[in-house]
Amino acid sequence: MNSLLQIGAALQLSRKENALTQEQLADLANISERTVRAIETGTGNPSIGAVLSVASILGLKIMVQK
């Protein structure tokens, strides 16, 4: 599984564990529901800022490793 899909899957799992809909998370992150969907599915081209915002709201950190 590629990194984008792993990040998306982790964010989706956390969103569901926090009992949030994609729409609610989008509102909290000040982004569109479509962007949340793209992040969770690893598709499209969401900005890193949008991804980090979603992660922050869910209490997650995204790390880059070499």
Side-chain angles (χ1 to χ4, degrees):
M1 182 181 285
N2 76 35
S3 297
L4 293 177
L5 290 175
Q6 289 174 324
I7 291 169
L11 293 174
Q12 182 181 52
L13 178 62
S14 182
R15 174 182 60 79
K16 289 180 177 182
E17 288 175 347
N18 283 283
L20 292 170
T21 65
Q22 288 180 337
E23 182 179 11
Q24 290 168 326
L25 182 56
D27 287 343
L28 291 170
N30 243 355
I31 59 176
S32 71
E33 186 177 347
R34 182 178 176 184
T35 299
V36 171
R37 198 168 28 259
I39 292 169
E40 289 185 353
T41 60
T43 59
N45 192 21
S47 71
I48 189 68
V51 175
L52 293 175
S53 179
V54 167
S56 176
I57 288 164
L58 296 172
L60 301 174
K61 292 181 183 179
I62 295 178
M63 296 175 52
V64 177
Q65 293 182 329
K66 184 175 180 181

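- Looking at residues two or more places apart in sequence or on another chain, you find a side-chain contact (heavy atoms from CB on, under 4.5 Å) between Glu40 and Gln12, Arg15, Gln22, Val36.
- Under the salt bridge (charged side-chain N to carboxylate O under 4.0 Å, His left out) criterion, Arg37 pairs with Glu33, not counting sequence neighbours.
- When each of Leu4, Leu11, Leu25 is paired with Ile39, the side-chain contact (heavy atoms from CB on, under 4.5 Å) condition holds for Leu11 and for no other.
- Residues satisfying the side-chain hydrogen bond (donor to acceptor under 3.5 Å, both in side chains) criterion with Asp27, sequence neighbours excluded, are absent altogether.
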Would you be so kind as to tabulate the donor-acceptor pairs closer than 3.5 Å made by side chains of residues 43-66, with sequence neighbours excluded?
unit_1: Thr43; atom_1: OG1; unit_2: Thr41; atom_2: OG1; d: 2.7
unit_1: Ser47; atom_1: OG; unit_2: Ala50; atom_2: N; d: 3.0

